[in-house]
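Have a look at the structure below, then the notes.
For clarity, every value in this text was computed on a predicted model and none was experimentally measured.
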Amino acid sequence: MPTSLLHTTEAACASDQGHSDFVDRRTKGKSRKVFELSDATLPQRVRSLQVTDENAFPLLRPHITIEEFKHSWGQNTIIARINGSSEIDDRVVIVGAHQDRQNDSTSFWPFDPAPGADDDGSGTVTILESYRSLLASGFVPERPVEFHWYSAEEGGLLGSQAVAQAYAAQGLEVYAMSQFDMTAWVKRGTKEEVGVIVDYVDDGLTKYNMQLVDAYLSIPYVETKCGYACSDHASWSKAGYPSVFSIGNIILTWMNLSHS
């Protein structure tokens with residue numbers, strides 16, 4: 001990954017009033033301390049704790065990088081990259097989730113607390129386990145594969161927007177981006193399903209995502225919509241890259257209950 005990209009900050013977002021409000025409300029007192037703790041802990045967990053250090057084959061380790069994409073509000077986006085074997089195809093495959101959650105009195109959701117374990121602790125752990133499994137299998141990708149843990153999704157996709165805009169500014173090509181947000185919760189008495197979002201996504205990639213569910217999972221998918229840019233995949237769509245989004249249950253159940 002280009003060094004200049006890793007040090008890119010949120011100049012474009014910083015002038016936005018929404019960003020300023022987020023920083024003002026979200027990075028004071030306890031919230032600031034939580035951000036800083038997460039910022040220090042997640043890169044450690046990705047590097048060690050039976051993840052990179054204990055699972056990557058020795059020959060693969062030199063091809064893995066773990067970097068922090070700097071943000072101004074005290075929590076950085078974490079990017080783990082496995083370099084590809086191809087000498088001619090450097091288009092990046094991105095798997096993403098977000099680190100942050102809302103559960104204080106300044107939340108725009110009129111409920112307290114919010115379920116940080118699912119939104120989005122579940123997606124964070126889902127892609128961390130995917131990363132670990134690939135390393136343990138000796139997987140060597142043809143194209144580079146990146147795992148992104150985004151900051152400040154709840155503030156308006158701020159972390160992922162900054163990363164996507166920086167990739168676009170650098171002229172980097174993204175082959176596909178797949179977002180995982182709230183992948184664990186199933187309402188009691190309902191059927192377990194994979195919610196495949198069909199708005200603010202790439203149609204072709206979404207159809208492929210459905211094929212993956214059919215091929216590898218024992219539970220079915222259901223097509224569903226957010227109705228708005230509801231997670232970090234939308235940042236990549238906005239930047240002109242193909243993206244797809246999977247969620248743990250149908251979106252109506254999530255909208256009605258998961259933030260209560």
Side-chain angles (χ1 to χ4, degrees), residues 34 38 42 45 93-134 147-157 159-160 176-237 242-260:
V34 169
S38 173
L42 186 57
R45 290 186 178 276
V93 175
I94 297 171
V95 181
H98 69 88
Q99 307 170 51
D100 63 312
R101 81 280 185 268
Q102 293 196 82
N103 69 338
D104 64 16
S105 60
T106 63
S107 171
F108 60 78
W109 290 102
F111 307 106
D112 188 18
D118 193 34
D119 186 10
D120 186 26
S122 60
T124 292
V125 173
T126 294
I127 72 167
L128 183 62
E129 175 61 13
S130 300
Y131 172 70
R132 186 204 65 79
S133 297
L134 290 179
F147 290 81
H148 292 191
W149 290 269
Y150 298 114
S151 168
E153 186 265 2
E154 300 288 6
L157 316 183
S160 59
M177 188 277 167
S178 183
Q179 175 74 0
F180 292 86
D181 196 343
M182 294 183 291
T183 60
W185 185 75
V186 179
K187 182 186 176 183
R188 183 178 299 174
T190 65
K191 183 173 67 173
E192 187 175 8
E193 297 168 319
V194 177
V196 176
I197 303 298
V198 295
D199 57 348
Y200 295 88
V201 292
D202 180 82
D203 290 342
L205 193 58
T206 297
K207 290 178 182 177
Y208 181 64
N209 194 28
M210 295 172 184
Q211 294 172 357
L212 291 176
V213 174
D214 285 338
Y216 291 101
L217 298 183
S218 60
I219 59 176
Y221 69 83
V222 58
E223 297 183 24
T224 187
K225 295 182 179 181
C226 281
Y228 68 104
C230 61
S231 196
D232 294 302
H233 66 289
S235 297
W236 296 92
S237 294
S243 72
V244 67
F245 176 26
S246 302
I247 194 169
N249 213 328
I250 61 172
I251 202 70
L252 289 178
T253 302
W254 164 61
M255 289 293 289
N256 291 334
L257 295 173
S258 75
H259 285 84
S260 64

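Atom OG of S235 is separated from atom CE of M177 by 8.0 Å, given to the nearest 0.5 angstrom. To the nearest 0.5 angstrom, W149 atom CH2 is 8.5 Å from T124 atom OG1. Here CD1 of I127 is found 8.5 Å from CZ of F180. Values are rounded to the nearest 0.5 Å. Between the CD1 atom of I94 and the CZ atom of F147 there is a distance of 11.5 Å, given to the nearest 0.5 Å. Distance check: I247 CD1 to E193 CD gives 12.0 Å after rounding to the nearest 0.5 Å.
Exactly one of H148, Q179, H98 qualifies for a side chain to side chain donor-acceptor pair (under 3.5 Å) with D232. That residue is Q179.
Listed here is the closest heavy atom pair of V186 and E192: CG2-CG, 3.9 Å. Closest approach of S151 to Q99, counting heavy atoms only: N-NE2, 4.0 Å. Contact record, F245 with C230: CE2-SG, 3.6 Å, taken as the closest heavy-atom pair.
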Please set out all donor-acceptor pairs under 3.5 angstrom arising from side-chain atoms of residues 195-210, sequence neighbours excluded.
| unit_1 | atom_1 | unit_2 | atom_2 | d |
| --- | --- | --- | --- | --- |
| D199 | OD1 | C226 | N | 3.1 |
| D199 | OD2 | C226 | N | 3.4 |
| D199 | OD2 | G227 | N | 2.7 |
| D202 | OD2 | G204 | N | 3.3 |
| D202 | OD2 | L205 | N | 2.8 |
| T206 | OG1 | D202 | O | 2.8 |
| N209 | ND2 | S246 | OG | 3.0 |

Atom pairs and distances, side-chain donor-acceptor, residues 212-222, under 3.5 Å, sequence neighbours left out:
none

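Panel note: side chain S160, backbone L157; a donor-acceptor pair is recorded below 3.5 Å. Here the side chain of W236 pairs no donor or acceptor atom with the backbone of P242 at under 3.5 angstrom.
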